[in-house]
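To keep things clear, I will list the structure first and then write my remarks on it.
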Amino acid sequence: MCTVTDTSIYGDITKVDTTGASEETAKQDKLSVTGVAASHKMMSMDFNRVNKYKILINKVACANQIDPAIIGAIISRESRGGNALINGWGDNGNALGLMQVDKNYHTVVGDWDSVEHLQQGTEILTGMIKSIAAKFPTWTKEQQLKGGISAYNAGTINVRTYSSMDIGTTGNDYANDVTARAQWLKNNGY
C-alpha cells in the first residue's frame with residue numbers, strides 16, 4: 001500500500017495557487033458564491049458520491065504516483081461523482097465515465113465506474129502533466145501540475161501561459177476549480 005507521500009511526483013496540490021470556480025461554473029449549482037468557496041461547496045456536495053470510489057481512486061493513484069485528491073476532484077468536476085451521467089455517459093454521449101474520457105479522442109476502456117476507466121483517465125492526466133512539463137520546463141512542479149490539469153480538459157495546445165491557462169477550458173476555470181476541489185479533499189481525508 002502506498003501513501004500520499006509516495007504519490008507526489010507531480011507536485012504538491014496544496015501548494016498550487018487557485019482562484020476556484022468561475023461564476024459560470026458556480027451557477028450550475030445555483031450558488032451565490034464563486035471562487036474557492038464555490039469549488040469547496042461543490043466538492044462537499046459530491047463528497048459522498050466520490051468517496052464510494054476511494055479504494056479504486058487510491059489504487060490508481062498509487063499505480064500512477066499521483067495524489068488521489070486530484071483524481072477525486074476531477075471525478076467531482078467531470079461527472080459530479082457519477083451523478084451527472086446517463087448510463088455512464090456524459091457530454092451528450094461523447095464521454096464515458098467518472099473522469100469523462102472523450103470517445104472522439106480516445107478508445108474508451110472498461111465500464112464507466114471501473115478501475116480500468118480510472119486508470120485510463122489517470123494515464124491521460126499524467127500524460128498531460130508530462131507534456132506541460134516538457135513544454136514549460138522552467139515552471140515549478142506545481143505550475144506544471146496545474147497546467148496538466150488544464151490540459152486534461154482542453155489539451156496542451158490550449159496552455160500558453162500560466163496566468164491564462166484556463167481560458168478556453170470549460171467555464172474558463174477548469175484547473176482552478178479542480179485544484180480548489182482537490183485542496184478541499186486534502187483537508188477531508190484524501
How close do [X] and [Y] get, heavy atom to heavy atom, and via which atoms?
X	Y	result
T169	A154	CG2-CB, 3.9 Å
G189	K54	O-NZ, 2.7 Å
A69	K186	CB-CD, 3.5 Å
T156	S131	CG2-CB, 3.5 Å
G147	V159	O-CG2, 3.7 Å
A61	D67	CB-C, 4.3 Å

Spacing of [atom1] belonging to [X] relative to [atom2] belonging to [Y], to within rounding of 0.5 Å:
X	Y	atom1	atom2	answer
Q28	S22	CD	OG	8.0 Å
I70	L125	CD1	CG	7.0 Å
D111	L118	CG	CG	11.5 Å
T179	K15	OG1	NZ	15.0 Å
Q183	T18	CD	OG1	6.0 Å
M43	I75	CE	CD1	8.5 Å

Under the rule for ring pair (Phe, Tyr, Trp, His ring centres under 6.0 Å), what residues qualify as partners of Y162, not counting sequence neighbours?
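Result, ring pair (Phe, Tyr, Trp, His ring centres under 6.0 Å) vs Y162: W139.
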What residues, two or more places apart in sequence or in another chain, satisfy salt bridge (charged side-chain N to carboxylate O under 4.0 Å, His left out) together with D12?
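Partners of D12 under the salt bridge (charged side-chain N to carboxylate O under 4.0 Å, His left out) test: none.
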Can you list everything that forms a salt bridge (charged side-chain N to carboxylate O under 4.0 Å, His left out) with D46? Sequence neighbours excluded, please.
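Listed in chain order: R49, R80, R181.
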Salt bridge (charged side-chain N to carboxylate O under 4.0 Å, His left out): which pairs involve [range], sequence neighbours left out?
range	answer
residues 158-176	R77-D173
residues 130-156	D17-K146
residues 113-128	none

Between [X] and [Y], is there a donor-acceptor pair closer than 3.5 Å when you use the side chain of the first and the backbone of the second?
X	Y	answer
N188	W184	yes
K52	F47	no
Q100	A95	yes
T140	Q143	yes

Pairing residues for [X] by the side-chain hydrogen bond (donor to acceptor under 3.5 Å, both in side chains) criterion, not counting sequence neighbours:
X	answer
N94	N104
T126	none
Y152	none

So if you build clusters from Ile, Leu, Val, Met, Phe, Trp, Tyr with side-chain heavy-atom gaps below 4.5 Å, do F136 and I167 land together?
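They do not share one cluster, since no chain of ILVMFWY contacts under 4.5 Å joins F136 to I167.
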For residues L56 and V109: do they belong to one hydrophobic cluster (side chain heavy atoms under 4.5 Å, members Ile, Leu, Val, Met, Phe, Trp, Tyr)?
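No, L56 does not connect to V109 through the hydrophobic network.
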Between M165 and N176, is the side-chain contact (heavy atoms from CB on, under 4.5 Å) condition met? List the steps.
CA-CA 9 Å; M165 72 172 62; N176 280 290; 5.6 Å; no
With sequence neighbours excluded, residues passing side chain to side chain contact (heavy atoms under 4.5 Å, CB included) with A133:
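Partners of A133 under the side chain to side chain contact (heavy atoms under 4.5 Å, CB included) test: Q144.
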Under the side chain to side chain contact (heavy atoms under 4.5 Å, CB included) test, residues paired with W89 that sit two or more places apart
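Result, side chain to side chain contact (heavy atoms under 4.5 Å, CB included) vs W89: L96, K103, V108.
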Measure the shortest side-chain to side-chain distance between [X] and [Y] over non-hydrogen atoms and say whether it is less than 4.5 angstrom.
X	Y	answer
L98	S79	yes
V36	T19	no
M99	I71	yes
I129	I132	no
T25	Y174	no
I124	Y105	no
L31	M42	yes

Please determine, by modelled atom types, if N51 and Y190 share a side-chain donor-acceptor pair under 3.5 angstrom.
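Yes.
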Is a donor from one side chain sitting under 3.5 angstrom from an acceptor on the other, for N153 and T170?
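A donor-acceptor contact under 3.5 Å links the two side chains.
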Given K59 and V115, is the side-chain contact (heavy atoms from CB on, under 4.5 Å) satisfied, shown in steps?
CA-CA 8 Å; K59 180 178 182 176; V115 71; 4.0 Å; yes
Any pair with a residue in residues 31-44 that passes side chain to side chain donor-acceptor pair (under 3.5 Å), sequence neighbours left out, goes on the list, sorted by first then second residue, please.
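Every side chain to side chain donor-acceptor pair (under 3.5 Å) pair that includes a residue of residues 31-44, provided the two are not neighbours, is S39-D177.
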